[in-house]
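Notes follow once the structure below has been shown.
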Amino acid sequence: MLSKANFLKILDIIAEMFPRAHGELRSDTPFQMLIAVILSAQATDKGVNKATPALFAKYPDSKSLALADISDVESLIKTIGLYHSKAKNIIRTAEMLETDFGGELPHDKDLLQKLPGVGRKTANVVLGDAFGIPGIAVDTHVERVSKRLQLVKQSATVTEVEDKLMKVVPESEWVVTHHRLIFFGRYHCTARSPKCTLCPVLPYCKFGEKLSIQ
DNA sequence: ATCCCGAGGG
DNA sequence: CCCTCTGGAT
């Protein structure tokens, strides 16, 4: 298992690789960010950004989306995938924001998770990116990278990954570290054919060490 | 554990 | 063709 000192060293290297890591979902308001993040489940940010301009042009806020026709929303987000459940979830989320939350997003993880389609990961992303509230969202990239670097055991759950990262990284760095790990996973330590031979982190990585031998 | 589900990359 | 994508609900 990787030591804390070595992991912080790796984070420094990754920070140099991606000095401008940031959320890549487009949105003009916290509400739109919430919807975009819900839509991003098992989908690429690029794919979400392709669909949301038309969606937000027609339904810019919770008041309008709450009254939307589901088949219309489905057709607007169809290219993203998982569109039946996502259409239902974002309309219901808009309704609940209107009826139960006074039209405002709650700045609270547990309350956000009461909204359909919003789980731990989505709540963390929205709190961090929309409100600057510290948190580490563990998505497919963060999980894969953390396991390859042996920050956690291979069998670790997403919650265990999240807890470990929060323990090792100072709270003031949680949100930016999250984005750096995403960028590292999305553009460099990719799921398929990771760029190990070009990787500045290779000296610290058992996973890449194994790959680079052959 | 399984389902949802289209687009893009290799 | 097969794999992956800022997962969540059942």
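Since the model is a prediction, treat every value here as computed from it, not as a measurement. Proteins come first, then strands; the chains are lettered A, B, ... in the order of their sequence lines, and each starts at number 1. Reckoned from all heavy atoms, side chains included, excluding hydrogens, waters and symmetry mates.
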Base, sugar-phosphate alone, or nothing: which one does G23(A) contact when heavy atoms must sit under 4.0 Å apart?
base

Would you kindly compare G81(A) and S193(A) by the position of their nearest DNA chain B nucleotide and give the one closer to the 5′ end?
G81(A)

Take the protein atom CD1 of I77(A) and the nucleotide atom C1' of dG7(C), then report the distance between them rounded to whole Å.
14 Å

Under 4.0 Å, heavy atoms only, any strand: does S85(A) hit a base, just the sugar-phosphate, or nothing?
nothing

With T159(A), which residues qualify under side chain to side chain contact (heavy atoms under 4.5 Å, CB included), at least two apart?
R120(A), T157(A), D163(A)

Chain A on DNA chain B: first and last contacting nucleotide, 5' to 3', under 4.0 Å to a heavy atom?
dC4(B) to dG9(B)

Under 4.0 Å, counting only non-hydrogen atoms across every strand here, what does G117(A) touch: a base, just sugar-phosphate, or nothing?
sugar-phosphate

Atom NE2 of H188(A) and atom C1' of dC5(C) are separated, to the nearest Å, by 19 Å

Please report the distance, rounded to the nearest Å, between CG in N124(A) and P in dG7(C).
13 Å

H188(A)/F18(A) aromatic ring centres below 6.0 Å:
no

Check whether F207(A) and F7(A) end up in the same hydrophobic cluster, where Ile, Leu, Val, Met, Phe, Trp and Tyr are linked by side-chain heavy atoms less than 4.5 Å apart.
no

Residue whose nearest DNA chain C nucleotide is more 5′ - N89(A) or H178(A)
H178(A)

To the nearest angstrom, how far is N49(A) atom CG from dC5(C) atom P?
17 Å

Round to a whole Å and report the spacing from CG of L112(A) to C1' of dG7(C).
15 Å

The reported gap from CG in L65(A) to CD1 in I35(A) (rounded to nearest 0.5 angstrom) is 5.5 Å

Can you tell me which residue pairs pass the salt bridge (charged side-chain N to carboxylate O under 4.0 Å, His left out) test with a partner in residues 61-88 of chain A, sequence neighbours excluded?
K58(A)-D72(A)

Between OH of Y187(A) and C1' of dT4(C) the distance, given in whole Å, is 14 Å

Show your reasoning for whether side-chain contact (heavy atoms from CB on, under 4.5 Å) applies to T29(A) and F56(A).
CA-CA 10 Å; T29(A) 65; F56(A) 293 152; over 6 Å; no

Over all strands shown, is K78(A) touching base, sugar-phosphate only, or nothing at heavy-atom distances under 4.0 angstrom?
sugar-phosphate

Would you mind telling me which of L25(A), L39(A), L76(A) makes a side chain to side chain contact (heavy atoms under 4.5 Å, CB included) with T52(A)?
L39(A)

P-based separation of dC5(B) from dT10(C) [nearest Å]
15 Å

Please, which pairs that meet salt bridge (charged side-chain N to carboxylate O under 4.0 Å, His left out) have at least one residue in residues 11-30 of chain A, sequence neighbours excluded?
E24(A)-R186(A)

Hey, does K86(A) reach any base, or is it just sugar-phosphate, or nothing, if we go heavy atoms under 4.0 Å?
nothing

Can you measure E162(A) atom CD to dG7(C) atom P for me and round it to whole angstrom units?
14 Å

Of all pairs that satisfy salt bridge (charged side-chain N to carboxylate O under 4.0 Å, His left out), the ones with a partner from residues 168-177 of chain A, not counting sequence neighbours
E173(A)-R180(A)

Using a heavy-atom cut-off of under 4.0 Å over every strand shown, decide if T122(A) touches base, sugar-phosphate, or nothing.
sugar-phosphate

Nucleotide dC5(C), atom C1' - distance to CZ of R192(A) in whole Å
10 Å

Residues of residues 132-149 of chain A with a heavy atom under 4.0 Å from any atom of DNA chain B, listed by number, are none

Scan V118(A) against the nucleic acid and name what it touches under 4.0 Å (heavy atoms): base, sugar-phosphate only, or nothing.
sugar-phosphate

Other residues, nucleotides and ligands only: do more than 12 of their heavy atoms fall within 6.0 Å of NZ on K147(A)?
yes

